[in-house]
Structure formats: C-alpha cells, structure tokens
**Student:** 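One structure, pasted below without further comment.
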Amino acid sequence: MKPRVLHIDPYHIDLELLKQAAEVIHNRGLVAFPTETVYGLGANALDPKAVTGIFDAKKRPLDDPLIVHIADVKDLYRLAEDVPPEAEKLVSCFWPGPLTVVLKKTELVPDLVTTGLETVAIRMPSCAIARKFIEVAGVPIAAPSANLFGRPSPTTARHVIDDLDGRIDIVLDGGSTEIGIESTVVEFMGGRVILLRPGGIDLERIRAIVGDVEMPSRPAARGKSPGEYPQHYSPKARVIVVESGFHQAKRTLSTAAEMVSKGHRVGILARQEHEDLYREFDVKILGPAKDARTCASRLFHLLREFDTEEVDVIVAEAIPEKALGLAVMNRLRKAAGPEPTTNFHPASI
Ligand code: AMP
Ligand code: MG
C-alpha cells in the first residue's frame, strides 16, 4: 500500500495531522518524519514488535542498532543510566540538535533497539516537526534514516517514497532537511569522549566543550559502532573520490575522461570553484569547498540525482575535512566503498 503523505507546514504545525501519525505509532506502524539532519523512519521505541517493522522495511541488518529520539531531556534519564558529566555537558550545549549520545541503557529499552548491546544511542532533534511528533506520540521514537539499507540518506519526502513506497504507513512531508547529513555520534568511557561517527555537530565544537575527543581507527570503530559499515550511503553508480591538493581539477578531468573512454556514463560532483572546467561533462556542484555546510546539505540529494540520470560512475572531488567537511568526506568515502581514491601522482599529470 502507498504511504499516506501528510504535508506539514513547519511554521504552523497542524496537530491534527500529527495525531494521525501518533495513532499509527500506537498501532505498531511506521512513520517517516523530517528531522534537521535527514528523514527518519520512526516506530515506538519501547515496543519490540513495532521496532521489528523498521528493520524489515529498510532491509537493515539486525546488528545495526537504532537511535532513539526524544522530545524532552527528562526521557534521557528514563532510557539511560550512569550518565557521565561529559555527556551532560554536551547535551546541555547541543540539544536539541544533531548530536547522538551513546550511554548505558536501562531496562526500559528493548534489546532489539540496541541489537543486544548494553548501550543505547539517544538524540533530541531540533526540527520542530520532529519534536512535536514525538511529543504527540508520547513515547520515544526509534528512528534510523528512512532509506533502504545502504542507500544515500533521504533529505526530502520524495527520497523516502522512492526507497520505501509500499513498506511504510505515513510520510510527514516537511520539505528539505536543513543539515542534510546525519547526527554526530559520541560515546563515553571513564572520562574520555569517543567519536563514533562525524555528523551535524562538528568535532571542533565538541572539543571546545569537553577537550580532547578520540577518533577510533576504522576496524575498532566497526566493533564499537556496529552500524558503521565500510560501504554505505551509496548511490547505484560507482563513486571515485579525487583527493584535494595539487592539480585536483586536472586529476578529476583525467579520471572522468578515462571512464568515458571505457564506455561509462560519467557524472562529476565538483567544488563550485571548478565548475567552469567541467563544461563538457554532466557536472553537479556540491558547493564552495570552504562552505562545508552547503556541501553537506546537497550531498545526498545530488548522489540520488545522478542515480535518476542513470550515471554509472560519479567522479567526486574531495573537500577539506574541517568542520562539517569531516562528515561530508566520511559519507563520500563510504559511498565510494573500498574503491581506491585518486591521489596526487606526478606521472598522472
Ligand atoms: P542511522 O540511524 O542509520 O543514521 O545510524 C545510527 C548510528 O548510530 C549507527 O552508526 C550505529 O552504529 C550508531 N549506534 C546506534 N546505537 C549504538 C550503540 N548502542 N553503540 C554504538 N553505536 C550505536
Ligand atoms: Mg542510516
């Protein structure tokens, strides 16, 4: 069955529509809803049967834990215990907002939500529609991104329907999401703060509050944050990342030309500064390299656009890994998967 699409004006939220969505939640159904990061696919986090529906609809592996969304900080203490001072500081600075904290779970949280882990990931979104929806539902909402597993996260209701048509009950359409990439996920261990996934709150801002933040190496991160797969967020096309630095545009051009010569339909995902150099190609502009916020807000949307054009190779220019650029490059590298990136190589110029 097609999902019901309910249009919600973020400036005049119609509570009657949210009540319809809340009813679906109480009947163990699935509601896709906008947040400031990406669209989430929500179910009652306290009801394992409802949560099963999320894994089924997304085809998400059962070892990839969900983030629980709340509308009131009080709920943090119902869902988690032994909350360390570092977590309290971060939550008081960045909630509501795109920060997820991983904490020791209480009995209230079903094992399915955490896929058997002793810890639970919790976030309070800043998006008014998301918060009102959770409030009206009256229960915490477990919600991963509302896409089929492995695909780029959805930043519009259209993206959700493209992936999940016939698999969910309602989509709350609140327009394009503001940030466009997922939340930052952090964990705490004996006074240490560990970054499990870069995201909408940048590392520099977290460091300003709690001092050092550790970044585990990739294999360790996989063990600690089970949802961090080496390949993820991928369009259907193969993605090749062209690293920043000397002659980046020239390397992008030669990679694109090589792929065309092999018979591929090629798209270039470029920094705005290089736009004019790629006129002969199907080029989409991520944003000015120094404006990581714009790049983040456009990334998933553009990867999906290339898919609709049936491009089969995307040659993507790296941007600096500063501020939100760290999260943008994390997603782009995962979209590329184990594909080698093209570095500066004198012989190639
Ligand atoms: P998604 O909701 O699809 O954006 O992904 C949720 C992210 O949170 C994944 O990267 C998970 O690995 C991570 N996560 C959720 N729960 C936990 C947990 N208990 N411990 C560590 N990471 C978690
Ligand atoms: Mg996801």
Side-chain angles (χ1 to χ4, degrees), residues 30 32-43 45 51 54-55 57-70 76 79-83 87 98-106 108-125 130 140-155 159-160 163-164 177 179-189 192-201 214-216 218-235 296 299-300 303-304 327 330-331 333-335:
L30 299 179
F33 62 101
T35 78
E36 69 278 20
T37 58
V38 299
Y39 273 71
L41 180 61
V51 171
I54 293 178
F55 287 94
K58 282 191 57 118
K59 302 185 185 169
R60 183 170 172 115
L62 285 163
D63 65 353
D64 190 353
L66 307 177
I67 295 173
V68 179
H69 293 70
I70 59 176
L76 173 70
L79 302 168
E81 55 196 23
D82 303 341
V83 180
L99 177 78
T100 296
V101 288
V102 173
L103 298 163
K104 187 169 170 209
K105 84 175 193 76
T106 62
L108 195 61
V109 182
D111 287 336
L112 185 61
V113 169
T114 68
T115 63
L117 297 173
E118 291 300 309
T119 52
V120 59
I122 307 174
R123 170 167 115 79
M124 178 157 85
I141 299 287
S145 48
N147 51 285
L148 282 176
F149 178 73
R151 297 261 302 136
S153 295
T155 58
H159 298 160
V160 175
D163 275 20
L164 299 177
T177 60
I179 295 174
I181 45 174
E182 302 82 350
S183 60
T184 303
V185 182
V186 288
E187 179 180 50
F188 307 90
M189 240 184 246
R192 289 148 53 215
V193 180
I194 299 152
L195 178 76
L196 298 181
R197 176 178 76 183
I201 297 287
E214 292 173 34
M215 297 173 67
R218 219 182 221 192
R222 172 77 184 93
K224 294 195 113 318
S225 192
E228 291 300 291
Y229 296 87
Q231 176 142 19
H232 210 143
Y233 314 112
S234 300
L299 176 68
F300 287 137
L303 291 179
R304 281 177 178 264
N330 167 275
R331 305 308 188 270
R333 291 189 201 291
K334 289 207 171 170

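We count ligands from 1, going down the list as the structure has it; atoms in each ligand are counted the same way.
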**Student:** Leaving waters out, which protein N, O or S atoms fall under 2.8 Å from the Mg ion (ligand 2)?
**Tutor:**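 Per the 2.8 Å query on the Mg ion (ligand 2), atoms found are Ser145 OG.
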
**Student:** Any idea which atoms of ligand 1 are less than 4.0 Å away from a heavy-atom of Leu117?
**Tutor:**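 By the 4.0 Å cutoff, the relevant atoms are 18 (C), 19 (N), 20 (N).
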
**Student:** Hey, does the side chain of Thr184 reach the backbone of Pro198 with a donor-acceptor pair shorter than 3.5 angstrom?
**Tutor:**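 No: the side chain of Thr184 does not pair with the backbone of Pro198.
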
**Student:** With respect to Arg197, determine whether any N or O atom, backbone or side chain, lies less than 3.5 Å from an N or O atom of ligand 1.
**Tutor:**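 Among all N and O atoms of Arg197, at least one is under 3.5 Å from an N or O of ligand 1.
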
**Student:** Atom CD1 in Ile54, atom CG in Leu112: separation rounded to 0.5 Å?
**Tutor:**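 So the gap between those two atoms works out to 8.5 Å.
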
**Student:** Should you measure from each heavy atom of Thr119, which atoms of ligand 1 turn up under 4.0 Å away?
**Tutor:**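 Checking each atom against Thr119, I get 18 (C), 19 (N), 20 (N).
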
**Student:** Would you say that Arg60 contacts Leu66 through its side chain, given a criterion of any heavy-atom pair below 4.5 Å between the two side chains?
**Tutor:**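 Yes, at least one pair of side-chain atoms sits under 4.5 Å.
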
**Student:** If we only consider heavy atoms of Arg60, is any one of them less than 4.0 Å away from an atom in ligand 1?
**Tutor:**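 For ligand 1, residue contact (heavy atoms, under 4.0 Å) with Arg60 is present.
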
**Student:** Any side-chain to backbone donor/acceptor pair from Lys58 onto Ser145? Under 3.5 Å, distance only.
**Tutor:**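 Present.
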
**Student:** Taking 4.0 angstrom as the limit and counting only heavy atoms of Ala121, give me the atoms of ligand 1 inside it, by number and element.
**Tutor:**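 Ligand 1 atoms under the 4.0 Å threshold to Ala121: 15 (C), 16 (N), 17 (C).
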
**Student:** Without hydrogens or angle criteria, can the side chains of Arg123 and Thr35 be said to hold a donor-acceptor pair below 3.5 Å?
**Tutor:**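 Result is yes, a qualifying pair exists.
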
**Student:** Under 3.5 Å, is there a donor-acceptor pair between the side chain of Arg192 and the main chain of Glu187?
**Tutor:**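 No: the side chain of Arg192 does not pair with the backbone of Glu187.
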
**Student:** Who passes salt bridge (Lys or Arg N to Asp or Glu O under 4.0 Å) against Arg151, sequence neighbours left out?
**Tutor:**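 Arg151: salt bridge (Lys or Arg N to Asp or Glu O under 4.0 Å) contacts with Asp163, Asp307.
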
**Student:** Does any N or O atom in Glu182 lie less than 3.5 angstrom from one in ligand 1, N or O only?
**Tutor:**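 Between Glu182 and ligand 1 (N or O atoms, distance only) the closest approach is not under 3.5 Å.
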
**Student:** Considering residues at least two apart in sequence or located in another chain, which fulfil the salt bridge (Lys or Arg N to Asp or Glu O under 4.0 Å) criterion with Lys104?
**Tutor:**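 Here the qualifying residues are Glu81, Asp82.
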
**Student:** Output yes when a side-chain donor or acceptor of Ser183 lies under 3.5 Å from a complementary backbone atom of Leu99, and no otherwise.
**Tutor:**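 Looks like no, no N/O pair under 3.5 Å.
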
**Student:** Which one of Val185, Val38, Val102 has a non-hydrogen atom at the shortest distance from atom 20 (N) of ligand 1?
**Tutor:**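 The residue whose heavy atom sits nearest atom 20 (N) of ligand 1 is Val102.
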
**Student:** Using the side-chain hydrogen bond (donor to acceptor under 3.5 Å, both in side chains) criterion, which residues pair with Thr119? Sequence neighbours excluded.
**Tutor:**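 If we apply the side-chain hydrogen bond (donor to acceptor under 3.5 Å, both in side chains) test to Thr119, skipping adjacent residues, there are no hits.
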
**Student:** What are the atoms of ligand 1, with element, lying closer than 4.0 Å to any heavy atom of Ser145?
**Tutor:**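 Near Ser145, meaning under 4.0 Å from one of its heavy atoms, ligand 1 has 2 (O), 3 (O).
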
**Student:** Residue-level breakdown please: for Leu196 versus ligand 1, do any non-hydrogen atoms fall below 4.0 Å on the side chain, on the backbone, on both, or on neither?
**Tutor:**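 Answer for Leu196: side chain.
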
